[in-house]
Student: 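Dropping a structure here in structure tokens format, bear with me for questions.
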2 protein chains.
Amino acid sequence: MQQKTINFENCIDNQKSVFAVLTPEEKENIKRHLICNLYKKGEIIFKEGDKPNGLICLSDGKVKVFKEGVGGREQIIRMAKPVGFIGYRALFAEEIHHATAVAIEDSATCLIEKEIVYQLLRSNPDFSLSIIKAFATELGFSLDRTVTLTQKHIRGRLAESLVFLKDTYGFEADNATLKVYLSREDIANLSNMTTSNAIRTLSAFASEGVIGIDGRKIKIIDLAKLERISDLG
Amino acid sequence: MQQKTINFENCIDNQKSVFAVLTPEEKENIKRHLICNLYKKGEIIFKEGDKPNGLICLSDGKVKVFKEGVGGREQIIRMAKPVGFIGYRALFAEEIHHATAVAIEDSATCLIEKEIVYQLLRSNPDFSLSIIKAFATELGFSLDRTVTLTQKHIRGRLAESLVFLKDTYGFEADNATLKVYLSREDIANLSNMTTSNAIRTLSAFASEGVIGIDGRKIKIIDLAKLERISDLG
DNA sequence: TTACTTTTGTGCTTTAAAACATTGATGAAG
DNA sequence: CTTCATCAATGTTTTAAAGCACAAAAGTAA
């Protein structure tokens, strides 16, 4: 257990989340029942086969969610940031988890029990509507991704991943360095390629002046060119 | 316009659909407002960029839904059968369509206007819940598919597609012939491969005695073996 | 029918990406 | 500081799948 102070309530009060449509009373009720957890970098939050027992909100940190594929090869299907949710698909499908969530840096989560979530869905139509919209949007991303992961070539896929990481986590203060530090293997698993190819292609991008590399620090030097590589496929 | 008589109400009364939770009055109200359409084989029902104006139910026929990828290559993301819905993702995400739906045989659809759908979502929590569950399940399929399409080899992907077609459309009276007749190109677009490779691999399966081919008629001879090929990747 | 287009089937070539092997960094643990 | 382990980098080989070219078959329309 860490000593760091985390504002767990940020999950509920965030104006962009599905909770924005809740009444103050509903929010208070959730807050009273939050079950919060801390995870160290590398720790598993849930894994394939686990039964979901509530809606997990990532309050602080970063999390990768991946599926095991053929021969144990993992495909990263989501990168979560605060304040976002993880594991909700299995919860609402009433299935066991089909993916594994691992903290890629020290992280904090809050869990809202299943019963409370369903109670809200039944009592607040706006909440249901925002969940439906969130799922429909997410499904759109997933389908887009299926097409790009299968059709783009290595350079296109890697470029797309880098742009995706930028969009998700943004830049450090220098306005160029990606605010997320992944291993080459994770970058490969996100982009559907082998680790060697991720390394090779990152080097290629660096020597072309599109990005800068310093260990796990990746600096985007020419975003327009990176986007062009991504779009060309 | 065809003369064939279609029972359009099957969309609403189907016990397995999301409408099963509606009251008789709600169902009657929908039925009064149904907008029905007939499409000939090959006709477009909606295309990428169109604005959805309601929930489309496929009442009769078969429909493929695909996205245009790199270089215009199409990836089939859904195969719809009666009684199922198409185009609902864009509707609920409040986006334009990100995919195109084409009838692969003469088909009939009913459209439930957007306003009526949203009115139901607001008034009937069970309806919302079943929509949420449907989306969560669908997202699960999509994520599974992303992994198999990217990680399995050609034989595995094709075998998976054939099993998928069997699960979706079932068999003819002989209990072996797939009850759907796709071009080799469509089979390829479903399985993320080129047409030549689909043809080649189908021939290979046939000569191995796993399937039988007679034009577009595909007979599954050894389902267990086909599933094994699919699982091995 | 005939002509024309589309679809299917094959063989051959090329290429992108995986697999493998090895070495050099980097970093944590004793 | 040294040792061990993980991670990154790079070159080489192998292979799966795409690309291409062409011929045969099957639909489709005039």
Side-chain angles (χ1 to χ4, degrees), chain A residues 40-42 64 69-75 102 104-106 147-161 180-208 211-219 229 232-233, chain B residues 40-42 64 69-75 102 104-105 147-161 180-208 211-218 229 232-233:
Chain A
K40 288 212 172 294
K41 176 176 170 175
K64 66 171 173 178
V70 181
R73 210 174 121 200
E74 64 181 59
Q75 173 66 48
V102 169
I104 58 168
E105 50 182 65
D106 293 353
V147 175
T148 60
L149 282 181
T150 55
Q151 297 197 353
K152 283 185 183 178
H153 285 180
I154 280 205
R155 287 171 60 88
R157 297 203 301 271
L158 182 63
E160 180 177 284
S161 289
V180 59
Y181 301 88
L182 296 174
S183 68
R184 300 294 192 260
E185 194 181 0
D186 278 340
I187 293 176
N189 291 341
L190 179 64
S191 316
N192 180 36
M193 61 185 66
T194 54
T195 307
S196 351
N197 276 326
I199 291 168
R200 237 187 289 272
T201 313
L202 280 172
S203 302
F205 285 173
S207 69
E208 290 164 29
I211 62 171
I213 308 182
D214 174 16
R216 293 191 177 188
K217 261 199 207 115
I218 295 175
K219 194 177 287 199
I229 295 170
L232 281 174
Chain B
K40 287 211 173 296
K41 176 177 169 173
K64 66 172 173 177
V70 180
R73 210 175 120 199
E74 64 181 59
Q75 174 66 48
V102 170
I104 57 168
E105 50 182 65
V147 175
T148 60
L149 282 182
T150 54
Q151 297 197 352
K152 284 186 183 178
H153 285 180
I154 280 205
R155 286 170 60 88
R157 297 203 302 273
L158 183 64
E160 179 176 284
S161 289
V180 60
Y181 301 88
L182 296 174
S183 68
R184 301 293 193 261
E185 194 181 359
D186 278 341
I187 293 176
N189 291 340
L190 179 65
S191 316
N192 181 36
M193 62 184 66
T194 55
T195 307
S196 348
N197 276 327
I199 291 168
R200 237 187 292 273
T201 313
L202 281 171
S203 301
F205 285 175
S207 69
E208 290 164 29
I211 62 171
I213 307 181
D214 173 16
R216 294 192 176 185
K217 260 198 206 116
I218 295 175
I229 295 171
L232 281 175

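Just so it is clear: chains get the letters A, B, ... in the order the sequence lines come, proteins before strands, and each one is counted from 1.
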Student: What heavy-atom pair brings B:Glu74 and B:Asp186 nearest, and what distance separates the two atoms?
Tutor: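 Closest heavy-atom pair between B:Glu74 and B:Asp186: OE2-OD1, 4.1 Å.
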
Student: With a cut-off of less than 4.0 Å, is there a side-chain N or O of B:Ser203 near OP1 or OP2 of C:dT10?
Tutor: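 Yes, B:Ser203 has a side-chain N/O under 4.0 Å of OP1/OP2 on C:dT10.
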
Student: Need one value for A:Ile199: base, sugar-phosphate or nothing, where a base atom within 4.0 Å counts as base even if backbone is also close, heavy atoms only.
Tutor: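 Counting heavy atoms under 4.0 Å across all strands, the contact made by A:Ile199 includes a base.
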
Student: Would a distance-only check, ignoring hydrogens and angles, find a side-chain to backbone donor-acceptor pair under 3.5 Å from A:Arg184 to A:Thr195?
Tutor: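 No, A:Arg184 side chain to A:Thr195 backbone: no donor-acceptor pair under 3.5 Å.
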
Student: Less than 4.0 angstrom between a side-chain N/O of A:Arg184 and OP1 or OP2 of D:dT6, yes or no?
Tutor: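 Result: no.
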
Student: Can you measure B:Lys152 atom NZ to D:dA17 atom P for me and round it to whole angstrom units?
Tutor: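 So the two atoms are 13 Å apart, to the nearest Å.
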
Student: Contact class for A:Arg216 vs. all strands (heavy atom < 4.0 Å): base, sugar-phosphate, or nothing?
Tutor: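 The answer is sugar-phosphate, as A:Arg216 gets under 4.0 Å only of primed atoms, P, OP1 or OP2.
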
Student: Counting only side-chain nitrogens and oxygens, does A:Thr194 get under 4.0 Å of the OP1 or OP2 atom of C:dA18?
Tutor: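 The answer is yes; a side-chain N or O of A:Thr194 sits under 4.0 Å from OP1 or OP2.
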
Student: If I take atom CE in residue B:Met193 and atom P in nucleotide D:dA17, what distance separates them, rounded to the nearest angstrom?
Tutor: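 It works out to 8 Å between those atoms.
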
Student: Can you measure A:Ile213 atom CD1 to D:dC7 atom P for me and round it to whole angstrom units?
Tutor: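 Atom-to-atom, A:Ile213 to D:dC7, this comes out as 17 Å.
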
Student: Side chain of B:Arg157: nearest nucleotide among C:dT10, D:dA18, C:dA18?
Tutor: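 Comparing C:dT10, D:dA18, C:dA18 against the side chain of B:Arg157, the answer is D:dA18.
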
Student: To the nearest angstrom, how far is B:Glu185 atom CD from D:dG27 atom C1'?
Tutor: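 So the CD-C1' distance, B:Glu185 to D:dG27, works out to 16 Å.
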
Student: So does A:Ala188 get a backbone contact from the side chain of A:Ser191, meaning a donor-acceptor N/O pair under 3.5 Å?
Tutor: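 Side chain of A:Ser191 to backbone of A:Ala188, a donor-acceptor pair under 3.5 Å: no, none is there.
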
Student: If every non-hydrogen atom of A:Arg73 is compared with every non-hydrogen atom of B:Gln151, which pair is closest and at what distance?
Tutor: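 Nearest heavy atoms, A:Arg73 then B:Gln151: O-NE2, 3.4 Å.
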
Student: Starting at atom NE2 of B:His153, determine the distance to atom P of C:dA19, rounded to an integer number of angstrom.
Tutor: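 Going from NE2 in B:His153 over to P in C:dA19 covers 7 Å.
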
Student: Would you say the side chain of B:Lys64 lies within less than 4.5 Å of the side chain of B:Asn189, judging by non-hydrogen atoms?
Tutor: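 Of all side-chain heavy-atom pairs linking B:Lys64 with B:Asn189, none is under 4.5 Å.
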
Student: Would you kindly compare B:Arg200 and A:Ser196 by the position of their nearest DNA chain C nucleotide and give the one closer to the 5′ end?
Tutor: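 Final value for this comparison: B:Arg200.
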
Student: Rounding to an integer number of Å, can you tell me how far B:Arg73 CZ sits from D:dA17 P?
Tutor: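 In whole Å, D:dA17 P lies 12 Å from B:Arg73 CZ.
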
Student: Write down the distance between CG (B:Leu158) and P (D:dA16), rounded to a whole number of angstrom.
Tutor: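 For the pair B:Leu158 CG and D:dA16 P, the rounded distance is 16 Å.
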
Student: By nearest atom, which of the nucleotides D:dA16, C:dA18, D:dG19 is closest to the A:Asn197 side chain?
Tutor: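 The nucleotide sitting nearest to the side chain is C:dA18.
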
Student: For A:Asp214 and D:dA8, give me the distance from atom CG to atom P, rounded to whole Å.
Tutor: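 After rounding, the gap between these two atoms is 13 Å.
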
